[in-house]
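A quick write-up on the structure given underneath.
The analysis underlying the following values was restricted to heavy atoms, covering all of them including side chains, and did not include hydrogens, waters or symmetry mates.
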Amino acid sequence: MIKLSDRAQKVILALSLIILTIVLLGMCAFCFYWNKLDLLQLDTSSIDDDPTSLERTVDAINVEEKLAGESEDEVSQIIPQAVVEKLVEVNQEVVAPKQEIEEDKGVLNVLLIGTDESSESFTNNANSDCMIIISIDKGKDTVKLVSIERGTGVPISVGQYAGEYEWINNMVRVGGPGFLTRTVREVFRVDLMGYIRVNPYTFVKIVEACGGATINLTQAEADYINQRSRDKKVTAGPNLLDGKTTELYARCRAIDDDWSRIGRQRTVIQAAITQSRDMSFGELNDMLNTVLPYVQTNLTKSQITELILQVPSIAGKTAKQLTIPKAGTYSIMQNKFGKNMFSVDFETNAKELHEFLYN
């Protein structure tokens with residue numbers, strides 16, 4: 001048996017105490033983080049689960065006067081008559097996707113869903129005004145944002161109205177956020193880990209927790225905000241916007257169109273990515289405490305951890321951006337209830353999306 005000197009024994013004891021302290025601190029940090037995730041509204045269902053009460057829900061959506069919860073004015077704002085007249089001549093039939101769903105463990109894709117209920121709680125009686133695929137390439141340390149136009153006509157896959165077409169932003173009403181995620185995966189053939197869902201209430205909380213969002217406004221955008229805001233007035237050029245003002249900006253389509261609005265939504269996300277670069281641990285902790293209780297997700301804690309580990313590598317990065325369906329790949333069609341929607345070549349868009357995300 002080797003006999004150690006008193007000095008060697010003291011060194012070993014000191015090293016053991018240091019290692020034990022590091023392990024204990026690590027365990028405390030892990031427990032702190034793991035418990036923090038319990039603040040989220042966790043949805044344990046799978047996106048492959050069939051939604052419950054589908055027939056009753058779809059019937060209520062489509063047959064009532066508002067046609068899937070949208071008034072005629074709302075429909076005309078998203079797909080103006082001038083657009084209908086222009087696209088009706090294109091005669092683009094729906095083309096079902098044949099593209100394989102590519103699974104690349106180095107690319108993490110999550111669907112960000114922004115529903116329109118202005119309350120602390122989430123309901124399925126809501127439209128998804130915002131649908132953005134957030135894609136993180138772990139090998140290249142890049143982030144990409146893909147917006148989905150909400151007037152896109154998609155087939156309802158199950159239930160009484162299987163095979164009928166409806167706006168994609170009504171899929172939350174049809175079967176919940178998991179069903180919307182499943183629909184996006186199937187029509188655009190993109191591998192999705194799951195969804196993260198927010199609403200206007202959450203949105204304002206996030207922006208305020210980040211200290212506001214710096215947005216470069218056009219004169220038209222500044223005028224639009226000033227006409228509707230009772231708070232601090234804004235000017236054309238860079239402005240640090242508070243939560244409510246950022247919400248006004250992100251939901252604006254009256255000065256142009258819905259396609260421009262979804263571009264503004266991506267601009268807000270980019271501002272948040274840029275802002276996160278300068279947040280201290282204390283500020284990040286405060287933000288999580290404020291925001292997480294108002295976020296819904298079906299991601300597991302392990303998946304959330306995998307995403308969070310990528311934050312330092314993408315913080316402050318400029319995201320590449322895309323909107324689908326791409327110009328020239330859609331026309332206008334009507335569903336059985338006479339509602340206008342975009343008739344999409346999903347095969348072409350699936351290929352465009354794969355090229356954008358994986359190359």
Side-chain angles (χ1 to χ4, degrees), residues 110-118 120 128-136 142-147 196-256 258-295 307-308 310-323:
V110 176
L111 182 64
L112 175 64
I113 303 172
T115 45
D116 61 1
E117 69 273 77
S118 295
E120 296 183 22
S128 51
D129 283 348
C130 173
M131 292 161 285
I132 297 178
I133 299 169
I134 301 177
S135 181
I136 299 173
T142 58
V143 58
K144 298 175 183 177
L145 305 175
V146 182
S147 296
I196 297 172
R197 181 183 180 183
V198 300
N199 63 22
Y201 187 89
T202 320
F203 180 86
V204 171
K205 288 277 188 183
I206 292 172
V207 174
E208 296 290 357
C210 289
T214 301
I215 306 291
N216 192 19
L217 299 175
T218 66
Q219 187 61 59
E221 290 166 344
D223 292 341
Y224 173 87
I225 291 171
N226 288 333
Q227 289 167 7
R228 289 160 178 79
S229 176
R230 298 178 182 177
D231 302 321
K232 178 183 175 183
K233 298 303 180 183
V234 297
T235 59
N239 292 259
L240 179 62
L241 307 182
D242 61 18
K244 285 289 187 182
T245 311
T246 306
E247 181 191 1
L248 269 177
Y249 167 81
R251 303 187 76 177
C252 167
R253 67 167 177 265
I255 61 174
D256 34 45
D258 201 57
W259 299 83
S260 299
R261 176 168 79 160
I262 58 181
R264 294 186 184 98
Q265 293 168 352
R266 294 196 302 268
T267 298
V268 171
I269 294 175
Q270 178 63 66
I273 293 172
T274 302
Q275 201 91 343
S276 67
R277 176 182 53 194
D278 301 321
M279 294 183 71
S280 66
F281 175 80
E283 290 171 330
L284 183 60
N285 181 56
D286 289 343
M287 183 186 76
L288 292 175
N289 287 334
T290 300
V291 171
L292 291 186
Y294 306 107
V295 175
L307 286 170
I308 288 177
Q310 305 308 313
V311 170
S313 64
I314 65 169
K317 295 285 185 69
T318 299
K320 295 182 179 180
Q321 302 185 18
L322 178 71
T323 299

_Between Tyr249 and Thr267, is there a side-chain heavy-atom distance shorter than 4.5 Å?_
yes
*State the CD1-OG1 distance between Ile225 and Thr235, to the nearest 0.5 angstrom.*
10.0 Å
*Do the side chains of Leu241 and Val207 get nearer than 4.5 Å, heavy atoms only?*
no
*Is the closest side-chain heavy-atom distance between Asp129 and Arg261 below 4.5 Å?*
yes
*By side-chain hydrogen bond (donor to acceptor under 3.5 Å, both in side chains) - contacts of Ser135 (at least two apart)*: Asn109
_Looking only at side-chain N and O atoms, does Asp223 offer a donor or acceptor that is under 3.5 Å from a partner on Gln227?_
no
*Out of curiosity, Ile196 CD1 to Ile132 CD1, how far, rounded to the nearest 0.5 Å?*
12.0 Å
*More than 12 heavy atoms from other groups under 6.0 Å of NZ on Lys144*: yes
_Please report the interatomic distance CG(Asp256) to OG1(Thr218), rounded to the nearest 0.5 Å._
8.0 Å
_Gln270: which residues meet the side-chain hydrogen bond (donor to acceptor under 3.5 Å, both in side chains) condition with it, sequence neighbours left out?_
Thr274
*Provide the closest heavy-atom pair for Ala213 versus Ala271 in the form atom of the first, atom of the second, distance.*
CB-CB, 4.1 Å
*Distance, nearest 0.5 Å, that separates CG of Leu111 from CE of Met131*: 8.0 Å
*May I have the step-by-step check of side chain to side chain contact (heavy atoms under 4.5 Å, CB included) for Val143 and Gln310, ending in yes or no?*
CA-CA 10 Å; Val143 58; Gln310 305 308 313; over 6 Å; no
_Going by side-chain hydrogen bond (donor to acceptor under 3.5 Å, both in side chains), name the residues that satisfy it together with Asn239, two or more places apart in sequence or in a different chain._
none
*Minimum heavy-atom separation for Pro200 to Glu247, with atom names?*
CB-OE2, 3.2 Å
*Thr323: what forms a side chain to side chain contact (heavy atoms under 4.5 Å, CB included) with it, not counting sequence neighbours?*
Ser147, Trp259, Ile262, Arg266
_Test ring pair (Phe, Tyr, Trp, His ring centres under 6.0 Å) applied to Tyr294 - qualifying residues, sequence neighbours left out_ = Tyr201
_Residues that Glu208 engages under salt bridge (charged side-chain N to carboxylate O under 4.0 Å, His left out), provided they are two or more places apart_ = none
*Nearest atoms (heavy-atom pairs only) where Thr245 meets Ser229*: OG1-OG, 4.4 Å
*What pairs with Asn216 under side chain to side chain contact (heavy atoms under 4.5 Å, CB included), at least two apart in sequence or on another chain?*
Pro238
_Just verifying a value: how many Å separate Ile206 CD1 and Leu292 CG, rounded to the nearest 0.5 Å?_
9.0 Å
*asked:* Can you list everything that forms a side chain to side chain contact (heavy atoms under 4.5 Å, CB included) with Ile255? Sequence neighbours excluded, please.
replied: Ala220, Glu221, Tyr224, Cys252, Arg264
*Do Ile134 and Leu145 come within less than 4.5 Å of each other through their side chains, counting heavy atoms only?*
yes
*asked:* According to side-chain hydrogen bond (donor to acceptor under 3.5 Å, both in side chains), who are the partners of Thr115, at least two apart in sequence or on a separate chain?
replied: Glu117, Arg197
*Kindly give the heavy-atom pair with the smallest separation between Leu240 and Gly211, and that separation in Å.*
CD1-O, 3.7 Å
*Residues which pass side chain to side chain contact (heavy atoms under 4.5 Å, CB included) with Lys233, listed by chain and number, not counting sequence neighbours*: Asn226
